[in-house]
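Inspection log for the structure reproduced underneath, given as structure tokens.
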Amino acid sequence: MLGAILFLTCAGFQLCGAAKSPPPPLPTVFPPKAVNGWMLVGSLDMLDYKNQKCPSQWRAYTYKKACGRIPGQLCSSVRVPTGSDSFRQVCGRFRAFQQGSTDGFAGLFITKPAKIDDPYVDGISITYNNAGGQRKHVFTYAAGYTEQINWGTSCPCAGGAEIPSFVRTSDYYCESGNPDNSWLSILYCDPLWDGKECRYAEEPCCNPPHQPWFCKNLDKRVNSDLEIRLCADEGVDNEDIALESYELWVR
């Protein structure tokens, strides 16, 4: 009888030790309410021009209420404090516009294979730092060259260059605002990553249902700031991302 009791006790201990609480379900209605543990940790709305302005790490567009990279920088970074509590889930949305000849994941002037510290995308990279200080990927918003044809510089969903190995297929959105086969050094009017006006070759790029919102379970709980990088592998006179607004939530 004693042996049976010990067996059951050990079996129960193993089960308890192996069990891990799964993260709660991710939201399907956005934005997440400030309930059930969700906390808004960062936001920007340049349309509220009386009360908001670009952080000093980004430049303000003169002809559009939007923020972009600092000239001379391939990536311009802003850190978003998340508070003292750890988190396991991240939700966010970004609204931006394509400037010039963005190339999706096909940057010509980055090492191959791309690394997370590179300007691996013409677009927006959201990351955090692990305990060792290394960047870990959360989500990427990419801007392809054109929606017209399957070029290497188009979105992956439109036949363009593949995503880097550290970006999961469910952890990026890509769209182009350029409706033509060639490009102009202008700010295109079609908002990126809104799930609309994905025409021609990039029609599949509008398939993810919750654009512009993303939500992600991290591999484990972390206690780190989030980082937003506006990136491109060429200068702002050639290509850029004009960020109009964003929200980031954690739980």
Side-chain angles (χ1 to χ4, degrees), residues 41-46 52-61 66-82 87 90-130 132-144 153 155-156 161 163-168 171-177 192-193 212-214 216 218 222 224-250:
V41 293
S43 65
L44 177 73
D45 183 1
M46 290 301 293
Q52 302 210 14
K53 62 181 181 179
C54 296
S56 60
Q57 301 91 329
W58 295 337
R59 69 183 172 97
Y61 274 75
C67 306
R69 292 180 297 148
I70 300 292
Q73 297 181 359
L74 298 182
C75 289
S76 295
S77 169
V78 165
R79 291 198 172 270
V80 179
T82 58
F87 58 94
V90 183
C91 287
R93 68 148 186 92
F94 286 73
R95 178 181 170 90
F97 298 84
Q98 174 182 348
Q99 166 74 42
S101 65
T102 52
D103 304 316
F105 292 98
L108 300 176
F109 302 104
I110 59 176
T111 57
K112 300 293 172 63
K115 299 178 176 61
I116 195 168
D117 293 329
D118 295 331
Y120 65 87
V121 68
D122 288 359
I124 301 173
S125 171
I126 301 103
T127 58
Y128 69 92
N129 282 15
N130 65 11
Q134 293 90 13
R135 284 190 177 103
K136 294 295 180 181
H137 183 253
V138 177
F139 205 84
T140 294
Y141 289 85
T153 52
C155 290
I163 57 177
S165 60
F166 53 84
V167 178
R168 299 172 183 170
D171 290 345
Y172 82 95
Y173 294 147
C174 188
E175 186 182 348
S176 175
L192 302 174
W193 320 306
W213 284 94
F214 77 89
K216 178 174 179 177
L218 304 181
V222 299
S224 167
D225 292 345
L226 294 170
E227 182 183 16
I228 304 170
R229 288 186 296 161
L230 308 183
C231 292
D233 72 312
E234 298 179 73
V236 298
D237 56 336
N238 180 278
E239 59 192 19
D240 198 21
I241 296 298
L243 176 60
E244 183 179 87
S245 64
Y246 78 85
E247 296 178 48
L248 280 172
W249 298 70
V250 300

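Keep in mind it's a predicted model, so treat the numbers as computed, not measured.
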Any side-chain heavy atom of [X] within less than 4.5 Å of one from [Y]?
{"X": "Val90", "Y": "Trp249", "answer": "no"}
{"X": "His137", "Y": "Tyr172", "answer": "no"}
{"X": "Ile124", "Y": "Leu230", "answer": "yes"}
{"X": "Ile228", "Y": "Leu248", "answer": "yes"}
{"X": "Thr140", "Y": "Ile163", "answer": "no"}
{"X": "Arg59", "Y": "Val236", "answer": "yes"}

Output yes when a side-chain donor or acceptor of [X] lies under 3.5 Å from a complementary backbone atom of [Y], and no otherwise.
{"X": "Asp122", "Y": "Asp233", "value": "yes"}
{"X": "Gln98", "Y": "Gly177", "value": "yes"}
{"X": "Gln52", "Y": "Asp45", "value": "yes"}
{"X": "Ser76", "Y": "Ile70", "value": "yes"}
{"X": "Glu234", "Y": "Glu239", "value": "no"}
{"X": "Arg69", "Y": "Ala232", "value": "yes"}
{"X": "Thr102", "Y": "Gly144", "value": "yes"}

*asked:* Looking only at side-chain N and O atoms, does Tyr128 offer a donor or acceptor that is under 3.5 Å from a partner on Thr82?
replied: no
*Flag for Ser101-Asn238: side-chain donor and acceptor within less than 3.5 Å*: yes
*Of all residues at least two apart in sequence or in a different chain, which pass the side chain to side chain donor-acceptor pair (under 3.5 Å) check with Thr153?*
none
Distance from [X] atom [atom1] to [Y] atom [atom2], nearest 0.5 Å?
{"X": "Cys231", "Y": "Asp118", "atom1": "SG", "atom2": "CG", "answer": "9.5 Å"}
{"X": "Tyr246", "Y": "Cys67", "atom1": "OH", "atom2": "SG", "answer": "9.0 Å"}
{"X": "Asn129", "Y": "Glu227", "atom1": "CG", "atom2": "CD", "answer": "6.5 Å"}
{"X": "Cys75", "Y": "Gln57", "atom1": "SG", "atom2": "CD", "answer": "14.0 Å"}
{"X": "Met46", "Y": "Cys54", "atom1": "CE", "atom2": "SG", "answer": "3.5 Å"}
{"X": "Leu44", "Y": "Glu244", "atom1": "CG", "atom2": "CD", "answer": "9.5 Å"}

Testing the basics here: between [X] and [Y], what is the closest heavy-atom pair and its distance to 0.1 Å?
{"X": "Pro164", "Y": "Tyr120", "result": "CG-CD1, 3.9 Å"}
{"X": "Ala143", "Y": "Leu192", "result": "CB-CD1, 3.9 Å"}
{"X": "Glu247", "Y": "Trp213", "result": "OE1-CH2, 3.7 Å"}
{"X": "Asp171", "Y": "Lys216", "result": "OD2-NZ, 3.0 Å"}
{"X": "Ser224", "Y": "Phe87", "result": "O-CE2, 3.3 Å"}
{"X": "Ala96", "Y": "Ile241", "result": "CB-CG2, 3.7 Å"}

*asked:* side-chain contact (heavy atoms from CB on, under 4.5 Å) for Leu243 and Tyr141? Distances and angles first, verdict last.
replied: CA-CA 11 Å; Leu243 176 60; Tyr141 289 85; over 6 Å; no
*For atom NZ of Lys136, is the number of surrounding heavy atoms from other residues, nucleotides or ligands below 6.0 Å larger than 12?*
no
*Is the distance between the ring centroids of Trp193 and Tyr173 less than 6.0 Å?*
no
*Validation row, ring centre Phe94 to ring centre Phe214 under 6.0 Å*: no
